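A short worksheet on the structure shown next.
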Amino acid sequence: MTQIPELHAGTPFDELDDYIALARLSGLLLSPDGSLLICARAVLDDKSAEYVSSLWEIDPEGRRPARRLTWGSTSESGAAFAFDGDVLFTATRAVPGESDPQPALWRLPAAGGEAQLLISRPGGVSSVSAAKAAPTFVAQTSVMASAISLDQDDQVRSARKDKKVTAMLHTGYPVRHWDHDLGPDHPHLVVAETDSKESVELRDITPTAGAALRETSTTISDDGLFVVTTWTVGDASAARRSTLVRIDTVTGDRTTLVDEADADVYNPVLSPDGTKLAFIRETLTTPESAPRMTLQLYDFGSGAVTGVADGWDRWPTSLAWLPDGSGLVVTADDGGRGPIFTIDLWGQPVRLTADDAAYTDVRVAPDGESIYALRASYEAPPHVVRVDLGSGEITALRGPDALPELPGTLTEITARAEDGSTVRSWLALPTGAAPHAPVPLLLWVHGGPLGSWNTWSWRWNPWLLVAKGYAVLLPDPALSTGYGQDFVQRGWGQWGKAPFTDLMAITDAAVAQPEIDPKRTGAMGGSFGGYMANWIAGHTNRFDAIVTHASLWALDQFGPTTDAAWYWQREMSPEMAVENSPHLYVADITTPMLVIHGDKDYRVPIGEGLRLWYELLAESGLPADDDGKTDHRFLYFPDENHWVLKPQHTKIWYEVVTAFLSEHVLGEDVALPEILG
């Protein structure tokens, strides 16, 4: 039986100010003895300009109310439990002698009292992991490439700051990532002990790391004597590939454990006795073959690598060990959900949770009887639950906030694709939608494309459109995860084929519902979903309006300019890029389009949005008239990235989208926000 928190009256989705003010939970952590849960809670600051997070205590038994632990004026996150019960966390607070504070490491005593500064570095501190049975912890800090010591790093940074130098000389690839420039510094792993209450001496155990530790995941042994981390190496054609290495925390000696020429390996997790290492293996893509993700096991005694749950046709997304080391607790996308599975090391997965939710931040209790996790679905944002490992019963714990009431209901529909495959979707309907008063439909295509509409999203939230009277369709077409390897493969390298026809088939199924008005429809999507919005615009005029966010437009242009060009080059050949490029069909676009792009988007560079905007006005089937007037619109964010993250920009995003859809789908004029100027 699933128990979820009681919903309270009042929906926050009718007013955007109420929506962006909702608190958000993330980063669940369980103490080694199982007596304490901690999570981060983010809320708006006093100016409603950004989110600020604090750490909160959650009672694992569900008896005591949640209690706030940290009270800083800036965000606190990245928590880890030290061996003595102290809580380590990162925060950007004013530090004596530093005019430009960076994220530093702080310690909150288990016995109570104020947080104490543990480590402050000019390059910042992040990604903290602590040993369970020793005072040792490992963290990440950035060090200038030319520095041979942490002290010299301080000197180089000071000189660059004083002389206002920002130039970077690159000797390799990549040079950008998501929304920030890479270099001239590189992440290093540093080790220290928490038992010294006066000062902490840092040891750089990766002085020659270079770019190997970007986007790393690290696990530390219980005795603190070694860490296992991902280690990125160069590959042909400026490509990158991740391996797994063991690093001695005393000597810094590094030993390669797993290095496969045809795969990335990541998410290492040490067994409770330290003799084995579980990790995820992802095969490198080719234009003909989609990636395949599997669970693997490394034995420290023999050095052998073996598969776990061979033949399982799902992709693991996270893993943890059972306390006795006999098996794993794993999450995976599965049919529009993200359930928890248990896996005996020599058996097959057994699904533990049977509800419609997705689970993250899975923490196994030391007694082996319970699991704690963040549970979310399209019916509820992330909240803390306890799952019984024997029965699968789910119990909601007492969090800081009640779950918000929704302005509609969620149902599920399926359709038959052209090749006979089943395509499924969530359909969110406004409260009161009925056959005698059908509502307009909005098709919303997810990004990735390797992903699924299976959990709550604060950024892409359908209920804000449902509150405006739309039914929102959230389909998982070809390339979506959670339906098996063949379902991904059927759309691989052929984005304009099966994904497109799947979307049209599920849209046909949706408009056939008696609550839907088939004469009032719109389509939208972001990233890959934006690509599909562009492709849809050039291949059908069935929709009244199309919204495309951070979208791929000219694939030959996109490939070499994205921040991870090597991944793209592996996936799609030049011939496939031409065959699937939406820009070649611009003359067939007769539907009004709202183009949205952020200038700091390095994954889908701004050139895609700029070229799309110009070609819509100059070459589409709905061009600007002789006076330059157009039905198309371009919403541009100079300081946003692939997503729109600032609260007030999020509000503007939804206001402009709603106004555009109202004009072209509903035939109603809605005033744009004055703050746009």
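Just so it is clear, the structure is predicted and the values come from calculations on it, not from any experiment. All values below were derived from every heavy atom in this structure, side-chain atoms included, with hydrogens, water molecules and symmetry-related copies excluded.
In the model, Arg416 has a side-chain atom that pairs as donor or acceptor with a side-chain atom of Thr422 under 3.5 Å. Counted by atom type alone, Gln485 and Trp315 present one or more donor-acceptor pairs between their side chains at under 3.5 Å. Remark: the Ser452 side chain and the Ser480 side chain contain no N/O donor-acceptor pair separated by less than 3.5 Å.
Relative to the six-membered ring of Trp643, Arg459 misses at least one condition, a distance below 6.0 Å or an angle of at most 45° to the axis. Seen from the ring of Trp566, Arg241 does not count as a face-on cation partner, given the 6.0 Å and 45° thresholds. Judged by a 6.0 Å distance limit and a 45° cone about the ring axis, Arg176 is positioned over the six-membered ring of Tyr602. Judged by the 6.0 Å and 45° rule, Arg490 forms a cation-pi pair with Phe487.
Open room surrounds CZ on Arg292; 12 or fewer heavy atoms of other groups in view lie less than 6.0 Å from it.
Trp444 pairs with exactly one of Val547, Leu473, Leu465 by the side-chain contact (heavy atoms from CB on, under 4.5 Å) rule, that one being Leu465.
Within the 4.5 Å cutoff, no side-chain heavy atoms of Arg24 are placed close to those of Pro381. Pro316 places none of its side-chain heavy atoms less than 4.5 Å from the side chain of Phe341. Taking 4.5 Å as the limit, every side-chain heavy atom of Arg603 sits out of range of all side-chain heavy atoms of Ser527. Side-chain atoms of Pro291 and Trp492, non-hydrogen and from C-beta on, do get closer than 4.5 Å to each other. At a threshold of 4.5 Å between non-hydrogen side-chain atoms, the residues Met504 and Arg542 count as touching. Tyr51 has its side chain out of reach of Ser75: every pair of non-hydrogen atoms, C-beta onward, lies at least 4.5 Å apart. Looking at Tyr173 and Arg240, their side chains never come closer than 4.5 Å, going by heavy atoms from C-beta outward. Contact check for His597 versus Val604: side-chain heavy atoms found under the 4.5 Å cut-off.
Note that OH of Tyr654 and CG of Leu464 are 5.0 Å apart. Values are rounded to the nearest 0.5 Å. Summarising the geometry, atom NZ belonging to Lys600 is positioned 7.0 Å from atom CG belonging to Asp181; distances are rounded to the nearest 0.5 Å. Considering OG1 of Thr411 and CD of Gln513, their distance stands at 7.5 Å, rounded to 0.5 Å.
Classification of the Tyr19-Phe13 ring pair by plane angle, with boundaries at 30° and 60°, yields tilted. In this pair, His649 and Phe637 present their aromatic rings tilted. The plane angle is within the 30 to 60° band. Ring geometry for His177 versus His180: interplanar angle over 60°, hence perpendicular rather than tilted (30 to 60°).
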Self-check item: Residues Ile506, Ile413; criterion side-chain contact (heavy atoms from CB on, under 4.5 Å); working and verdict
Solution: CA-CA 8 Å; Ile506 196 67; Ile413 63 172; 4.1 Å; yes
Practice problem: Take Thr331 and Thr360, measure what side-chain contact (heavy atoms from CB on, under 4.5 Å) needs, and give me the verdict at the end. | Solution: CA-CA 8 Å; Thr331 58; Thr360 62; over 6 Å; no
Exercise. Please step through side-chain contact (heavy atoms from CB on, under 4.5 Å) for the pair Leu441 and Thr507, ending with a clear verdict.
Key: CA-CA 9 Å; Leu441 176 73; Thr507 301; 4.2 Å; yes
Exercise. Output, in order, the C-alpha distance, side-chain angles, deciding distance and verdict of side-chain contact (heavy atoms from CB on, under 4.5 Å) for Thr232 and Arg214.
Key: CA-CA 8 Å; Thr232 302; Arg214 288 176 181 153; 5.8 Å; no
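When ring centroids are compared, Trp613 and Trp553 stay outside the 6.0 Å threshold. Within the 6.0 Å centre-distance limit, the rings of Trp495 and Phe528 are counted as a close aromatic pair. Between Trp463 and Tyr378, the gap from one ring centroid to the other reaches at least 6.0 Å.
Between Arg520 and Asp544 no salt bridge is recorded (no basic side-chain N to carboxylate O distance below 4.0 Å). Using a 4.0 Å cut-off between charged nitrogen and carboxylate oxygen, Lys497 and Asp419 do not count as a salt-bridge pair.
Side chain of Asn534 to backbone of His583: no donor-acceptor contact under 3.5 angstrom is found.
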